[in-house]
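Numbering of ligands and ligand atoms starts at 1, following listing order. As a basis for the values below, the full set of heavy atoms in this structure was taken, side chains included, without hydrogen atoms, waters or symmetry mates.
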Amino acid sequence: MEAFMAAVRYHGKGDVRVERVRTPSASPGGVVVEVRAAALCHTELHFADGTLQLGVAPITLGHEAAGVIVSVGEGIDAARVGERVLVYYYAGCAKCTFCAAGDEQLCGDVAAQFGFVSDGGLARFIAVPARNALPLPPSLTFAHAAPIGCGVSTAVHAAKRAGGLAAGETVCVYGCNGVGHSLVQLARARGCTVIAVARQQAHLRKASELGAHVLVDGTDATTVAAAVRASTGGCGADVIFECVGRRETMGACVGFGGALGKRGRLVLVGYAQGEAHDFRCHPIPLIVCEQTVVGSVGATLDDVREAIELVAAGTIATVVDSTIAIGDVHALGLERIRACACVGKIVVDRFECAACVADQAPRS
Ligand SMILES: [Zn+2]
Ligand SMILES: [Zn+2]
């Protein structure tokens with residue numbers, strides 16, 4: 001292994017750089033994964049624009065990484081070297097009540113959270129505890145496996161937060177890229193009627209290909225509730241997954257005449273920057289329609305295992321927009337996510353960076 005590698009590093013609000021850092025080594029109980037594919041998520045954009053500020057910098061970003069184990073630490077079977085794996089990005093404290101229940105995503109004292117407060121997978125190598133490296137079936141390419149780590153597993157978890165999806169229910173997926181793609185397919189597979197809402201025609205076309213029954217143009221959020229109601233005989237959706245998180249999109253879901261029906265469950269998955277995008281709803285419609293609003297964050301280790309199985313079985317297909325080199329992460333990655341110019345995931349699958357090699361002094 002080379003002593004240095006290129007990595008996408010977060011240095012604080014608005015400061016994301018591709019630079020050279022020291023290659024990690026395996027800790028006791030851990031492994032080093034040579035990353036073959038790492039997907040970009042809105043999360044990296046949230047870091048870049050300051051929406052997410054977790055107070056830890058500099059760190060390597062990236063929480064959707066797939067690759068091959070190249071070394072193991074003390075106590076780990078050397079037979080794992082060469083194993084194809086997907087990284088699970090939470091490592092809880094293993095002591096709190098949430099961790100005991102397997103809900104590491106709620107742990108208040110995480111040992112690590114890769115790509116958030118610990119060095120993540122947008123780099124040639126990542127070091128993780130052995131239990132965070134989950135075996136991948138040989139049928140999955142790395143580029144199509146990487147988005148399982150967040151894009152699919154977040155959907156699997158959100159479906160559970162909705163209280164499950166029953167056959168015959170109407171499920172609205174508001175915002176159809178990444179997590180939304182997985183939710184459309186998951187709801188379809190469970191026998192639900194699926195309504196996809198998106199502003200981009202390309203996103204609606206993809207949602208249709210993936211199984212959405214009804215397509216709603218979300219260009220003008222004030223028309224969405226009526227369109228959803230019209231397609232549900234006036235009842236509104238049983239479940240809405242809100243993957244956008246803007247005030248007007250959340251607003252379209254709730255209130256009298258909103259897209260959510262009686263006893264409906266609204267699952268908040270997306271968020272946007274600033275007080276302009278807080279969630280507002282008078283309690284009366286929630287009360288008299290007995291609606292439920294829940295948040296959903298990340299996924300458990302079991303959710304990720306289930307997500308791998310769903311993709312391996314062909315129930316959910318990951319959608320890859322493009323594959324890029326690490327040096328292009330701004331121009332061909334984050335800027336295209338910001339502009340909603342991608343359909344599916346942008347995946348980094350080349351980790352050499354000419355600019356980093358030429359970098360005068362290696363950092364840390
Ligand atoms: Zn993500
Ligand atoms: Zn914990």
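Judged by distance alone, with hydrogens and angles left aside, the side-chain atoms of D119 form no donor-acceptor pair with the main-chain N or O of A127 at under 3.5 Å. Proximity of a side-chain donor or acceptor of R9 to a complementary backbone N or O of R17 within less than 3.5 Å is not detected. Between the side chain of N132 and the backbone N or O of Y90 there is at least one donor-acceptor pair closer than 3.5 Å. Side-chain N or O atoms of H277 include one that pairs as donor or acceptor with a backbone N or O of R247 at under 3.5 Å.
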Would you list the atom pairs, donor with acceptor, under 3.5 Å between side chains in residues 251-263 and any protein atom, with sequence neighbours excluded?
{"residue": "R263", "atom": "NE", "partner": "E290", "partner atom": "OE1", "Å": "2.7"}
{"residue": "R263", "atom": "NH2", "partner": "E290", "partner atom": "OE1", "Å": "2.7"}

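Taking a cut-off of 2.8 Å, the protein N, O or S atoms nearer than that to the Zn ion (ligand 1) are C41 SG, H63 NE2, C150 SG. Listing protein N, O or S atoms at distances below 2.8 Å from the Zn ion (ligand 2), with waters left out, gives C93 SG, C96 SG, C99 SG, C107 SG.
For the pair R20 and F4, the cation-pi criterion (under 6.0 Å, within 45° of the ring axis) is fulfilled.
Interatomic distance, CD1 of I346 versus CD1 of I337, reported as 4.5 Å (0.5 Å rounding).
Note: Y89 and H63 have perpendicular aromatic rings, judged against thresholds of 30 and 60 degrees for the angle between ring planes.
Other residues sharing the hydrophobic cluster of L215, ordered by chain and number and joined by side-chain separations under 4.5 Å: L204.
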